[in-house]
Amino acid sequence: MAQKPSIPKGTRDFSPSELAKRNYIFDTIKKQFELFGFQPIETPSFENSETLLGKYGDEGDRLIFKILNSGDFISKVDDVTYSSKKSSSIAPKITEKALRYDLTVPFARYVVMHQNDLDFPFKRYQIQPVWRADRPQKGRFREFYQCDADIVGANSLLQETELVQLYDTVFSELGLKGTTIKINNRKILSGIAEVIGAKNLLVEFTVALDKLDKIGEEKVKEEMLSKGISEQAIAKASPLFSMKGSAQDQLGQLKTLLSNSEVGLEGLKELNEIITMVDEIGLKTATLQLDVTLARGLNYYTGAIFEVAAPEGVKMGSIGGGGRYDDLTGIFGLKDISGVGISFGLDRIYLVLEELALFPESIDQSLQVLCLNFGEKEGLEALKLVSNLRKHGVKADLYPSAVKVQKQFKYADKRQVPFVILLGDKEMENGQFVIKNMKTGGQTILPLDVDLMDTSIWTF
RNA sequence: GUGGUUGUAGCUCAGUUGGUUAGAGCGCUUGAUUGUGGUUCAAGAGGUCGCCGGUUCGAACCCGGUCUUCCACCCCA
């Protein structure tokens, strides 16, 4: 019995037209990555569980897709564990592999494994799908692409500056004007936690603070209280809730707040340097904005933190994010290697470009010339023409069978082919062919030996 | 993982307190038009009403479950 076909929740098929648009984004990003000196690598779609687990927090672990072992895996679970019926105890015994959750951790693993072959500083880019067992929503899928660029083995803040520039360049190239690159520094957040006496609750503090623009000051304070942060601590941190104005103003305010925190002041200094450098270089269409509430969930960040927001008016989660992580490779045994990187969320960028109608019009043009088929002899002659066009880099095709001309024209129309060539027996006798412009409806007769690359024959 | 929402023709959607044969627009096929598409006209094809079960004389409609969609949380690109 035929079953109704379906695909898993949170996954998608891509049509030729969708893929053309996706590839346009990929190509733009890739081009800039390479212009900025990054080299591509790829890693397997699945890793050993131990490589991934514990790197993204408890919440992250829950969202990792685990792969069931092969063979008779149940029989290898001891009776006590099995009868406990606890997924958390049984899972490690029946799954040893998991699907890639992001590109950063596999990259860290890659750097450690290949440390002797790499030339540091190593700049790599990676464009591959990742998988998360999340509940799908708008702009949230279970399978989606990340486009990452990271630099390892370079401590200079020039890297951060360059990455801001990279964001700006890519979004400008895509015609997406008015993006906001938010920047913060983990050390500032640590400093604040230290100053207010909530050093051991740093993660809780930042996670709550991160929600400020979404749920408001009151709710944030409530959440902090419920997480065990004292009233006095929250009161001390209160200048954060109303921090406004230019980057320099904010930096000034923070300087007062953090005057007793060494880490905090260091974070301020870093932030100031980056902002000054970006200022000096200038951005094309993006705005760099200091946002002290920007935290980001991943706790491996230690320095700068980035997040990119779509232009105002577009309802979409962040379309990119990144930051500096001083000790990511430390987990895998390689100390004192600093990394900094950014990520582009391909699928969300797609949705934003679609919403703002920013894809180039010609992107759907999969075929530039279609040659109609009038029979065996004529078809062969037409194929010669088509071959000649292809040789010159023109996307050309011959309709495969000599069906009714009307049907062939309809096909050309649907494929949005701008030019149609007619080569029937009449034309063959005279050594000519007819070329028709599908947009204007005009057509003209040309000799078969005309120079097809002479652009003047394509304008009528 | 929590709470809600959605599913009817290829697509977008109607469908009366549960009652004969489930509709529209667009699209598709064919013809008007044996060498001219995008316009027009005519005809036609296409649906286990997401799936499983229950209530009922009778279910697209009511109830339960399940899958899917979208949304708010959690978290995140």
Side-chain angles (χ1 to χ4, degrees), chain A residues 1-12 15 25 29 56-64 87-88 100-104 127-148 203 206-208 210-211 214-215 219 223 294-299 306-310 315-322 341-352 370 372-375 378 399 402-428 433-443 445:
Chain A
M1 201 176 85
Q3 59 170 355
K4 208 173 179 176
S6 64
I7 54 173
K9 182 198 288 213
T11 64
R12 297 148 300 156
S15 65
I25 302 173
I29 293 174
Y56 310 102
D58 291 345
E59 198 60 36
D61 282 359
R62 187 175 63 83
L63 298 177
I64 291 174
S87 307
S88 55
R100 183 168 59 215
Y101 178 87
D102 73 355
L103 301 178
T104 307
I127 299 178
Q128 288 190 276
V130 302
W131 295 268
R132 295 186 188 175
D134 211 351
R135 278 249 191 126
Q137 262 181 53
K138 185 185 182 185
R140 293 179 90 155
F141 308 97
R142 291 189 148 183
E143 178 184 58
F144 62 95
Y145 269 82
Q146 286 191 336
C147 314
D148 276 28
V203 173
T206 53
V207 166
D210 194 44
K211 295 176 189 164
K214 208 170 171 184
I215 62 176
K219 290 259 171 69
E223 180 168 331
L294 175 64
R296 290 180 61 76
L298 297 179
N299 37 34
F306 303 111
E307 191 165 292
V308 184
K315 239 186 118 186
M316 181 64 64
S318 62
I319 56 176
I342 56 173
S343 180
F344 290 82
L346 176 274
D347 299 83
R348 287 188 177 176
I349 294 170
Y350 179 100
L351 291 170
V352 172
L370 180 72
L372 302 197
N373 191 328
F374 289 92
E378 296 90 335
Y399 197 89
V403 297
K404 283 172 72 173
V405 176
Q406 186 179 210
K407 195 179 165 125
Q408 300 192 43
F409 262 107
K410 274 196 174 163
Y411 177 80
D413 192 47
K414 289 229 173 93
R415 290 282 307 266
Q416 302 187 51
V417 185
F419 292 99
V420 166
I421 285 176
L422 294 88
L423 209 180
D425 50 357
K426 272 188 291 183
E427 287 79 14
M428 263 180 85
F433 67 95
V434 172
I435 178 161
K436 171 161 178 161
N437 182 326
M438 293 296 277
K439 243 190 202 127
T440 63
Q443 58 184 51
I445 301 173

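Between Tyr101(A) and Tyr56(A), the ring planes lie tilted relative to each other; the angle falls in the 30° to 60° range.
Summarising the geometry, the separation between CZ on Phe409(A) and C1' on rU33(B) is reported as 13 Å, rounded to the nearest angstrom. In this structure, the CD atom of Gln137(A) is 13 Å from the C1' atom of rU2(B), given to the nearest Å. Protein atom NZ of Lys436(A) is 7 Å distant from nucleotide atom P of rG37(B), rounded to whole Å. For the pair Asp58(A) CG and rC76(B) C1', the interatomic distance rounds to 16 Å; values are reported in whole Å. What separates CD1 of Ile7(A) from P of rC67(B) is a distance of 17 Å, to the nearest Å. Nucleotide rC70(B) holds its C1' atom 14 Å from the CZ atom of Arg142(A), rounded to whole Å.
Residues Val403(A) and Gln408(A) come closest through the heavy atom pair O-NE2, 2.8 Å.
Using N1 to N3 plus N6-O4 or O6-N4 for Watson-Crick, or N1-O2 and O6-N3 for G-U wobble, each under 3.5 Å, rG1(B) pairs with rC73(B). Judged by Watson-Crick or G-U wobble contacts below 3.5 Å, the nucleotide rU56(B) has no partner. Look at rA43(B): its Watson-Crick or wobble partner, with both distances under 3.5 angstrom, is rU29(B). Pair check for rU36(B) finds none; no Watson-Crick or G-U wobble contact set falls under 3.5 Å.
Here Phe141(A) lies in heavy-atom contact (under 4.0 Å) with a base. Gly10(A) comes within 4.0 angstrom of the backbone, heavy atoms only, and of no base.
Look at Phe144(A) and the base of rA77(B); the rings stack, centres closer than 5.5 Å and planes less than 30° apart.
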